[in-house]
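See structure below.
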Amino acid sequence: MSTYPISTLHEEAAGLYLEGVSLATLAEQYGTPTYVYSREALTVAFNAYQAALKGHRARIFYAVKSNSNLAVLNLFSRLGAGFDIVSGGELARVLAAGGDAGVVVFSGVGKSEAEMRQALRAGIRCFNVESAAELNRLAAIASDMGKIAPIALRVNPDVDPKTHPYISTGLRSNKFGVAFDEALTLYRRAATLPGLRISGIACHIGSQLLDPAPIAEAADKILGLVDQLAGEGIPLDHIDLGGGLGIRYKDETPPTPAEYLAPLLARFAGRSEEISLEPGRSLIGNAGLLLTRIEYLKPGSEKNFAVVDAAMNDLARPALYDAFHEVVTVSRSDTATQRYEIVGPICESGDFLAHDRELAAAPGDLLALLSAGAYGMTMSSNYNTRPRAAEVMVDGTRTWLIREREQIADLYRGEHMMNAD
Ligand SMILES: *Cc1c(COP(=O)(O)O)cnc(C)c1O
């Protein structure tokens, strides 16, 4: 067992290795900052879900927004995953990665008419509808196209997932889903609309959940509603309980998929509906790290800064959520240990990657920010006209460049000056 949150990361005499590849060698080969992922770690994470669901009618829909690189999507597709998407762009990625539209579910509060048409043309498995207005729009578009849209209503079970307010989504007070009390009325209405086929029900209560209780509580509420619907002649074929299982960033002890799912699966004993799950973070979060190099050390009277070549545009979670990522040195150094603020070159005081970390490091040394596989690259930007990082997949002793580092000229391609008059 690795002592790191990333199970395939370990220390050798030559420094840190991800699977059979030296991170220092990777940095030489591909430069920094670079996101590095472990095929084995994501495979192990996926297989843990599969094993927990064995013997049940269930399917995993990988949440594409957590990491949408084509190579990642392709690996999950080959492992047997479906996909949870939130935009037409993500649908295009899934298809480009060899994924099958027939195992795609489409979530999100703002699906455009064009996105609905694209998804209907592709033949996705289900639209997770989040409002009455969206239901009407989808019925009209499907009818116009002579198609039938399979739907689930995303309901808001109003349970408190006890997580960060920005990543809790199942409370009455937020923008996601249909209020639980309105769901029955909306299902009745859906049953009368043309162009729709009622297929299931969905919820997603939040992210980085470290306790199985809230999702089990949500399932109880939803199963009650499902039974009520069946009594009214609206039987459902699948129940989608969303994603949200947390991972270890620091000292959290998240349940395993088996522990997380046990109370849920107990509630499904003797039922016929398929269970759908939409994990993202717990499949890819601890399969990735961000490799960065120290540009400067800046000692100060109150704080010492380590200025690195990655920044908040590469990894936004610390600036956005005050999130913690473990920072480790890639090679042992004999310099003295100091406490550092790990900051990037961006002109914002909020541009930090980590606070108050004890490191023995010198300029030019490499650092790895761990647990960066999910919501890392997908939330990156070009702020300060910084090209986005490269992405590399490690597979045993082999490495694959799965996304080239952006070129500066890419960043203003498509921009135009006004005419000179
Ligand atoms: C973001 C999201 C997920 C994935 O959440 P994780 O915390 O990454 O598992 C699943 N379903 C929906 C609808 C989402 O918005």
Side-chain angles (χ1 to χ4, degrees), residues 2-6 9 11 15-16 23 27 32-36 66 162-168 206-210 246-254 281 285-333 335-381 383-384 386 388-389:
S2 173
T3 55
Y4 301 106
I6 302 175
L9 185 67
E11 204 177 331
L16 281 182
L23 292 184
T32 51
T34 292
Y35 276 99
V36 190
S66 61
K162 302 178 180 68
T163 180
H164 191 286
Y166 292 0
I167 51 183
S168 122
S207 211
Q208 186 58 10
L209 308 176
L210 297 171
I247 62 170
R248 177 182 150 208
Y249 286 99
K250 188 182 186 182
D251 48 13
E252 302 92 337
T253 50
R281 188 189 313 270
N286 268 331
L289 56 84
L290 175 60
L291 192 57
T292 182
R293 197 178 286 282
I294 299 175
E295 296 277 9
Y296 302 100
L297 293 180
K298 236 184 123 172
S301 56
E302 285 188 20
K303 287 177 173 175
N304 301 311
F305 293 94
V307 183
V308 299
D309 63 5
M312 66 186 284
N313 75 296
D314 299 300
L315 181 63
R317 298 186 68 258
L320 206 55
Y321 309 120
D322 205 18
F324 180 99
H325 287 270
E326 194 173 329
V327 180
V328 294
T329 48
V330 166
S331 309
R332 279 256 170 81
S333 157
T335 50
T337 294
Q338 296 255 33
R339 302 195 80 83
Y340 289 104
E341 298 290 303
I342 318 288
V343 301
I346 285 183
C347 301
E348 295 273 351
S349 318
D351 180 26
F352 70 91
L353 296 170
H355 287 307
D356 201 24
R357 301 303 171 84
E358 205 162 288
L359 295 174
D365 282 0
L366 292 166
L367 301 178
L369 285 113
L370 308 187
S371 312
Y375 307 105
M377 188 64 179
T378 51
M379 292 179 83
S380 66
S381 77
Y383 190 39
N384 279 210
R386 288 171 50 86
R388 259 178 283 230

Study note, to complete from the structure: Sorted by chain and residue number, the salt bridge (Lys or Arg N to Asp or Glu O under 4.0 Å) partners of Glu252 (sequence neighbours excluded) come out as none
Point to revise | Ala310 backbone acceptor or donor facing Thr292 side chain under 3.5 Å | key: yes
Practice item. Can you tell me which residue pairs pass the salt bridge (Lys or Arg N to Asp or Glu O under 4.0 Å) test with a partner in residues 355-379, sequence neighbours excluded? Key: Arg339-Asp356, Arg339-Glu358
Review point. Among all residues two or more places apart in sequence or in another chain, which pass the salt bridge (Lys or Arg N to Asp or Glu O under 4.0 Å) test with Arg386?
Key: Asp314
Exercise for review: Enumerate the residue pairs fulfilling salt bridge (Lys or Arg N to Asp or Glu O under 4.0 Å) with a member in residues 297-312, sequence neighbours excluded, ordered by first and then second residue.
Suggested key: none
Review point. With sequence neighbours left out, what residues match Glu326 under side chain to side chain donor-acceptor pair (under 3.5 Å)?
Key: none
Practice item. Using side chain to side chain donor-acceptor pair (under 3.5 Å) as the criterion, list what pairs up with Ser331, not counting sequence neighbours. Key: none
Check your understanding: Would you say Leu23 and Leu9 make side-chain contact, with heavy atoms under 4.5 Å?
Key -> yes
Study note, to complete from the structure: With Val36 as partner, the option from Leu290, Ile6, Leu289 fulfilling side chain to side chain contact (heavy atoms under 4.5 Å, CB included) is Leu289
**Study point:** With Asn384 via side chain to side chain donor-acceptor pair (under 3.5 Å) - residues at least two apart
**Key:** none
Exercise for review: Check the pair Val343 / Val307 against side-chain contact (heavy atoms from CB on, under 4.5 Å), numbers first and verdict last.
Suggested key: CA-CA 5 Å; Val343 301; Val307 183; 4.0 Å; yes
Check your understanding: Quick one: are Tyr249 and Arg317 in side-chain contact, heavy atoms under 4.5 Å?
Key -> yes
Review point. How far does OH of Tyr375 sit from CD of Gln208, to the nearest 0.5 angstrom?
Key: 10.5 Å
Point to revise | With Tyr383 via side chain to side chain contact (heavy atoms under 4.5 Å, CB included) - residues at least two apart | key: Asn313, Ile346, Glu348, Ser381
Exercise for review: To the nearest 0.5 Å, tell me how far Leu320 CG sits from Met379 CE.
Suggested key: 5.0 Å
Point to revise | Under the side chain to side chain contact (heavy atoms under 4.5 Å, CB included) test, residues paired with Ala374 that sit two or more places apart | key: Ser66, Arg281, Ile284
**Study point:** Within-4.5 Å side-chain heavy-atom neighbours: Leu367 and Ile294
**Key:** yes
Review point. Is the closest side-chain heavy-atom distance between Asp322 and Phe352 below 4.5 Å?
Key: yes
Study note, to complete from the structure: Applying ring-ring contact (aromatic ring centres under 6.0 Å, His included) to Phe324 and not counting sequence neighbours gives none
Check your understanding: Rounded to the nearest 0.5 Å, how far apart are CZ of Arg248 and CG of Leu370?
Key -> 9.0 Å
